[in-house]
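This report concerns only the one structure given below.
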Amino acid sequence: QVQLVESGGGSVQTGGSLSLSCAATGSWFSINAMGWFRQVPGMQRELVAAISSDGITTYADTVKGRFTISRDNAKITVLLQMNSLKPEDTAVYYCNVRGCTGSYHYCNDYWGQGTQVTVSS
């Protein structure tokens, strides 16, 4: 059984920083990409940042220049460094892994349970 373990959420003031971490535990056959999405109640879940297996990064325009995504392939962990946070960054952040698991090589999008990020003004 695979699992995505998220940590690092919390509350900060405008202009502050937070770092999110997502560790992909269990038996993984391969991982194509890892990233972070966020969602506000009643709104569409949106991509924040992603990084492919070869290190190519993608950022939402709203976070470009403020957020940095990175990975540690040895630990199968993806990090999201969030600087200069704004109230509009407030959301539940979900780790996403696109990969294949186990001896059956079941391929899918896998999701963490979500971690709350709150930015107060």
Side-chain angles (χ1 to χ4, degrees):
Q1 181 70 33
V2 299
Q3 186 176 358
L4 304 183
V5 182
E6 302 163 330
S7 63
S11 299
V12 297
Q13 294 181 332
T14 298
S17 298
L18 284 173
S19 182
L20 304 182
S21 176
C22 175
T25 65
S27 181
W28 294 86
F29 176 75
S30 63
I31 292 177
N32 184 56
M34 305 180 74
W36 290 91
F37 290 68
R38 66 187 182 188
Q39 187 170 25
V40 177
M43 301 293 289
Q44 180 73 35
R45 185 174 297 186
E46 64 177 0
L47 173 69
V48 178
I51 184 167
S52 69
S53 59
D54 58 354
I56 300 174
T57 58
T58 302
Y59 295 94
D61 289 340
T62 51
V63 308
K64 195 173 300 181
R66 300 187 296 120
F67 292 8
T68 302
I69 192 167
S70 61
R71 76 185 196 281
D72 185 335
N73 287 340
K75 299 178 180 179
I76 316 180
T77 300
V78 61
L79 304 174
L80 184 67
Q81 179 64 47
M82 304 184 293
N83 298 324
S84 302
L85 284 162
K86 306 174 181 179
E88 49 263 47
D89 295 317
T90 296
V92 177
Y93 285 67
Y94 295 90
C95 179
N96 169 261
V97 175
R98 177 166 291 180
C100 307
T101 64
S103 60
Y104 296 101
H105 303 168
Y106 181 74
C107 302
N108 202 358
D109 282 317
Y110 296 86
W111 296 91
Q113 67 179 19
T115 184
Q116 178 70 45
V117 170
T118 301
V119 185
S120 61
S121 60

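Just so it is clear, the values below take in all heavy atoms, side chains as well, and ignore hydrogens, waters and symmetry mates.
In this structure, E88 and T62 have side chains that are not in contact, with every pair of non-hydrogen atoms separated by 4.5 Å or more.
Shown here are the side chain to side chain contact (heavy atoms under 4.5 Å, CB included) partners of S11, two or more places apart in sequence or in another chain: T118. Take L79 and apply the side chain to side chain contact (heavy atoms under 4.5 Å, CB included) test, not counting sequence neighbours, and it matches S21, S70, T77. Q113 is linked by a side chain to side chain contact (heavy atoms under 4.5 Å, CB included) to E6, counting only residues two or more places apart in sequence or in another chain.
Applying the side chain to side chain donor-acceptor pair (under 3.5 Å) rule to pairs touching residues 40-54 yields R38-E46, Q39-R45, S52-D54, sequence neighbours excluded. The salt bridge (Lys or Arg N to Asp or Glu O under 4.0 Å) pairs that include a residue from residues 111-121 number zero, where partners must be two or more places apart or lie in different chains. Residue pairs meeting the disulfide (SG to SG under 2.5 Å) criterion with at least one member in residues 24-95, sequence neighbours excluded: C22-C95. Counting only residues at least two apart or in different chains, salt bridge (Lys or Arg N to Asp or Glu O under 4.0 Å) contacts with residues 102-121 comprise R98-D109. Residues in residues 73-86 take part in no salt bridge (Lys or Arg N to Asp or Glu O under 4.0 Å) pair, two or more places apart or across chains. Listed by first and then second residue, the ring pair (Phe, Tyr, Trp, His ring centres under 6.0 Å) pairs involving residues 6-32 are W28-Y110, F29-H105 (not counting sequence neighbours).
Residues L85 and R66 come closest through the heavy atom pair CA-NH1, 3.9 Å.
Under a 4.5 Å side-chain heavy-atom criterion applied to ILVMFWY residues, the cluster that includes V92 comprises F37, L47, Y94, W111 as well. Apart from V40 itself, the hydrophobic cluster it occupies contains M43, where clustering links Ile, Leu, Val, Met, Phe, Trp and Tyr at side-chain heavy-atom distances under 4.5 Å.
L80 and V5 sit in two unconnected hydrophobic clusters of ILVMFWY residues. Membership requires side-chain heavy atoms under 4.5 Å apart, directly or through other members.
In this structure, CD1 in I69 is found 6.5 Å from OH in Y59, a value given to the nearest 0.5 Å.
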Below 3.5 Å, can you tabulate the donor-acceptor pairs from side chains in residues 12-20 to any protein atom, sequence neighbours excluded?
{"unit_1": "T14", "atom_1": "OG1", "unit_2": "S120", "atom_2": "O", "d": "3.0"}
{"unit_1": "S17", "atom_1": "OG", "unit_2": "N83", "atom_2": "OD1", "d": "2.9"}

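Side-chain N or O atoms of T68 include none that pairs as donor or acceptor with a backbone N or O of Q81 at under 3.5 Å. A donor-acceptor pair under 3.5 Å is formed between the side chain of T90 and the backbone N or O of V119.
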